[in-house]
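Only a predicted model underlies this, so the values are computations on that prediction, with no experimental measurement involved. Here is the naming used below: chain letters follow the sequence lines, and residue numbers restart at 1 for every chain.
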Number of protein chains: 2
Amino acid sequence: MSQHPYNPLDSLVFLTNRVGRLLSSDIRKRAGDDVEGLYSTHMGVLVDLWMQDGLRQHDLVISVVKDKGTIARALENLEKQDIVYRVTDAADRRNKRIYLTPKGRKLKEDMLPHALASVEEVLEGIPAEEVAICKKVLRRMYKRLVQKMMHTTPADTTSL
Amino acid sequence: MSQHPYNPLDSLVFLTNRVGRLLSSDIRKRAGDDVEGLYSTHMGVLVDLWMQDGLRQHDLVISVVKDKGTIARALENLEKQDIVYRVTDAADRRNKRIYLTPKGRKLKEDMLPHALASVEEVLEGIPAEEVAICKKVLRRMYKRLVQKMMHTTPADTTSL
DNA sequence: TACGAGTGGTTGCGTTTGCAACGAATAACA
DNA sequence: TGTTATTCGTTGCAAACGCAACCACTCGTA
């Protein structure tokens with residue numbers, strides 16, 4: 001078990017974490033005032049809601065991969081900023097459904113150009129077929145991991 | 001600029017961030033006691049040092065993509081745990097070089113099996129050529145982004 | 001050598017974070 | 001129906017984080 005020729009640059013754990021953080025950091029820089037007061041968790045929540053509005057709070061805990069207390073307070077904050085609102089689910093009063101306000105939907109339009117520009121710049125010169133395959137692999141990993149998380153004991157959302 | 005058919009599942013920003021967090025979370029779960037007291041920033045620092053021992057503190061700030069104050073305190077913590085030690089660079093006394101202790105090197109051996117097992121499980125059934133291409137693309141993005149960061153005003157390591 | 005600009009690291013401060021303990025609502029089962 | 005176990009969300013707390021101000025050191029210019 002010794003003499004591992006382990007190279008992080010060949011590890012998907014390392015690569016996805018670093019590239020993810022670097023891209024986010026770059027986008028944040030480009031966006032400037034557009035993301036004033038919006039932190040990592042806020043953005044994570046918003047992206048999920050842009051994909052599907054009205055998710056349950058618990059869905060966001062799984063998907064954003066943060067502690068449920070963290071998500072609760074992030075939503076409280078977003079609600080104060082009039083970006084989302086929460087509705088207790090009538091069918092199961094333990095759940096809360098999260099909805100975007102018009103302001104929350106508009107944020108998507110503000111952010112999108114920055115995200116597209118950042119990725120475009122980084123991908124310059126890399127063959128489109130390879131990028132497509134890369135996304136395909138990541139998408140499969142993502143779906144599999146989320147699936148797994150849902151059938152797992154709660155807690156433990158610490159991401160190293 | 002409206003009517004964007006934007007789908008996060010087709011965005012490398014979204015995919016890398018989520019897959020990265022999910023993988024890290026999964027590994028943390030597998031590792032259990034082996035990572036007791038080691039948080040996100042600590043692990044980030046360690047991985048870099050496993051690649052190359054004796055890096056300057058500033059290199060870690062760029063690579064781990066966290067604030068320099070955050071890195072400073074993480075190193076202070078790791079030093080207390082006897083995992084790394086810091087040496088002022090004689091050639092330029094502003095810099096500090098960071099070295100792994102034997103305990104720090106051993107941690108690599110402890111973590112590695114968990115990381116390998118996690119990735120292996122997630123990649124099951126995905127063609128090896130596609131995974132290889134995915135890594136290649138991410139590696140290029142990583143190098144380009146780090147390069148860019150180094151020629152950029154400091155600060156702004158917030159990663160959305 | 002002297003001086004101003006720039007770089008790397010530390011520290012104070014307010015906010016965010018993960019964890020654990022808790023409460024409310026539902027589900028499972030006698 | 002009543003009792004117990006689960007699930008989802010909230011909250012107290014200590015630790016970690018990003019930011020900005022600061023200090024120590026180096027470098028460029030004269």
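For the pair A:Gln57 CD and D:dT7 C1', the computed distance is 13 Å after rounding to whole Å. When the C1' atom of D:dG9 is taken as reference, atom CZ of A:Arg97 falls 14 Å away, rounded to whole Å. We find that CG of A:Asp67 is positioned 12 Å from P of D:dG9, with the value rounded to whole Å.
A:Val87 and A:Leu75 fall into different hydrophobic clusters, where Ile, Leu, Val, Met, Phe, Trp and Tyr residues are linked whenever their side-chain heavy atoms come under 4.5 Å apart, directly or through other members. Both A:Leu78 and A:Met51 are part of a single hydrophobic cluster, where members link through side-chain heavy atoms under 4.5 Å apart.
Within a 6.0 Å radius of NZ in A:Lys106, other residues, nucleotides and ligands contribute 12 heavy atoms or fewer.
The stretch residues 72-82 of chain B touches DNA chain D through B:Arg73, B:Asn77, each having a heavy atom within less than 4.0 Å of the strand.
The side chain of A:Lys68 has D:dT10 as its nearest neighbour among C:dG8, D:dT10, C:dG18. You'll find that the side chain of B:Arg94 is closest to D:dT26, out of C:dT26, C:dT10, D:dT26. With distances taken from any side-chain atom of B:Tyr39 to the nucleotides D:dA16, C:dT7, C:dT16, the minimum falls on D:dA16. For B:Thr41, the listed nucleotide lying nearest its side chain is D:dC17; candidates were C:dT10, D:dC17, D:dC8. Picking from C:dT17, D:dG9, C:dT10 the nucleotide with the shortest atom distance to the side chain of B:Arg86 gives C:dT10. The listed nucleotides are D:dG18, D:dT7, C:dG8; the one nearest the side chain of B:Asn95 is C:dG8.
Residue A:Lys66 places no side-chain N or O under 4.0 Å from the OP1 or OP2 atom of C:dT16. Remark: A:Arg21 is in phosphate contact with D:dG18, judged by side-chain N or O atoms under 4.0 Å from OP1 or OP2. The shortest distance between the side-chain N/O atoms of B:Arg93 and the OP1/OP2 oxygens of D:dC27 is not below 4.0 Å. For the pair B:Thr70 and D:dG18, the criterion of a side-chain N or O lying under 4.0 Å from OP1 or OP2 is met.
Put simply, the side chain of B:Asp53 gets close to the backbone of B:Leu100: a donor and an acceptor are under 3.5 Å apart.
Annotation: the terminal axes of the helix from C:dT1-D:dA30 to C:dA30-D:dT1 meet at 30°, where each axis is the rotation carrying the C1' atoms of four end pairs onto the next four (5 pairs per end, rounded to 10°).
Between A:Arg30 and A:Glu121, at least one side-chain nitrogen of the basic residue sits less than 4.0 Å from a carboxylate oxygen of the acidic one, meeting the salt-bridge criterion.
Between atom CE of residue A:Met141 and atom SG of residue B:Cys134 there is a gap of 7.0 Å, rounded to the nearest 0.5 Å.
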